[in-house]
Student: 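Got a structure for you, questions after.
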Amino acid sequence: QVRLEESGGGSVQAGDSLRLSCVISEWTGSKGAMGWFRRGSGKEREFVAAISWLNRNRYYADSVKGRFTISKETPHGIVHLQMNNLKPEDTDVYYCAASFLDYGTDIEDYAHGMDYFGRGTLVTVSP
């Protein structure tokens, strides 16, 4: 059974930084994608960032571009999300996500194609 476990959430003030980490079990280490989502206000989780294991491309939502950085540890199934210059509107539950499929360069594939999600970690940003 595939499991994803997040860590690193917490409470900070606006302008501060946090680093989220995620470990995925059963990771093959050769292909697939991992990413981060947050609960958001809609019916679906809101895409935040993703990274392709094959081509190492990174994808970001416009709302976090320039402030958040996604990275991975090869060959382990570990992904990080470095969040800088946090804003109160970043307050949310953040979920790690993964897919064992290889995607190309269409960000929509990463935003809607993840198959596995963790339980989430809460990030609270005070004004």
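The first residue in the sequence is number 1, and the count goes up from there. It should be emphasised that the depicted structure is a prediction, and the values quoted were computed from it without experimental measurement.
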Student: Rounded to the nearest 0.5 Å, what separates atom OG1 in T91 from atom CZ in R38?
Tutor: 9.0 Å

Student: May I ask whether W53 and L81 are part of the same hydrophobic cluster, defined by side-chain heavy atoms of I, L, V, M, F, W, Y residues being less than 4.5 angstrom apart, directly or through others?
Tutor: yes

Student: Checking I70 against Y59 for the side-chain contact (heavy atoms from CB on, under 4.5 Å) test, could you report, in this order, the C-alpha distance in whole Å, the side-chain angles of both residues, the deciding distance, and whether it holds?
Tutor: CA-CA 8 Å; I70 188 170; Y59 306 87; over 6 Å; no

Student: Please check if the distance between the ring centroids of F117 and Y95 is under 6.0 Å.
Tutor: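 F117 vs Y95: aromatic centres not under 6.0 Å.
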
Student: Is it the case that the side chain of D92 and the backbone of G40 share a donor-acceptor pair, with hydrogens and angles ignored and the cut-off at 3.5 Å?
Tutor: yes

Student: Looking only at heavy atoms, what is the nearest atom pair of M114 and S99, with distance?
Tutor: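 Looks like SD-N, 3.7 Å.
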
Student: Please find the pair of heavy atoms, one from A14 and one from P88, that lie closest to each other, and give the distance.
Tutor: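 It is CB-CD, 4.1 Å.
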
Student: Would you mind reporting whether V79 and C96 have side-chain heavy atoms less than 4.5 Å apart?
Tutor: yes

Student: Any ion pair linking D90 and K87 (charged N to carboxylate O, less than 4.0 Å)?
Tutor: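 No.
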
Student: Please say whether more than 12 non-hydrogen atoms of neighbouring residues, nucleotides or ligands are located less than 6.0 Å from CD in E73.
Tutor: yes

Student: Verify the cluster assignment for M34 and F68: are they in a single hydrophobic cluster under the rule of side-chain heavy atoms below 4.5 Å apart?
Tutor: yes

Student: Are L101 and I107 joined in one hydrophobic group, where the rule is that I, L, V, M, F, W and Y side chains link up if heavy atoms are under 4.5 Å apart?
Tutor: yes

Student: Should E6 and W36 count as side-chain neighbours, where that means a heavy-atom distance under 4.5 Å?
Tutor: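 Touching, per the 4.5 Å side-chain cut-off.
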
Student: Any link between V125 and V93 through a network of hydrophobic side chains (Ile, Leu, Val, Met, Phe, Trp, Tyr) touching at under 4.5 Å?
Tutor: no

Student: To the nearest 0.5 Å, tell me how far I24 CD1 sits from I78 CD1.
Tutor: 11.0 Å

Student: Quick check against the 3.5 Å criterion: does Q82 have a side-chain atom that pairs as donor or acceptor with the backbone of R19?
Tutor: no

Student: From L86 CG over to R67 CZ, what is the distance, rounded to the nearest 0.5 angstrom?
Tutor: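 One finds 6.5 Å between CG of L86 and CZ of R67.
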
Student: Check the hydrophobic clustering (I, L, V, M, F, W, Y; side-chain heavy atoms under 4.5 Å; chains of links allowed) and say if L20 and Y110 are grouped together.
Tutor: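 No; Y110 is not reachable from L20 via cluster members.
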
Student: Begin with the C-alpha distance, continue with both residues' side-chain angles, and end with the deciding distance and a verdict on side-chain contact (heavy atoms from CB on, under 4.5 Å) for S63 and E89.
Tutor: CA-CA 10 Å; S63 58; E89 51 263 42; over 6 Å; no

Student: Is it the case that the side chain of R3 and the backbone of S25 share a donor-acceptor pair, with hydrogens and angles ignored and the cut-off at 3.5 Å?
Tutor: no

Student: Assess whether side-chain contact (heavy atoms from CB on, under 4.5 Å) is satisfied between F37 and E44, documenting all intermediate values.
Tutor: CA-CA 10 Å; F37 289 68; E44 292 188 5; over 6 Å; no

Student: About how many Å separate NZ of K72 and NE2 of H80, when rounded to the nearest 0.5 Å?
Tutor: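 Atom-to-atom, H80:NE2 and K72:NZ are 11.0 Å apart.
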
Student: Please round to the nearest 0.5 Å and tell me the distance separating atom CE of M83 and atom CG of D16.
Tutor: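 Interatomic distance, M83 CE to D16 CG, rounded to 0.5 Å: 11.0 Å.
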
Student: From K65 NZ over to R58 CZ, what is the distance, rounded to the nearest 0.5 angstrom?
Tutor: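 The CZ atom of R58 is 14.0 Å from NZ of K65, to the nearest 0.5 Å.
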
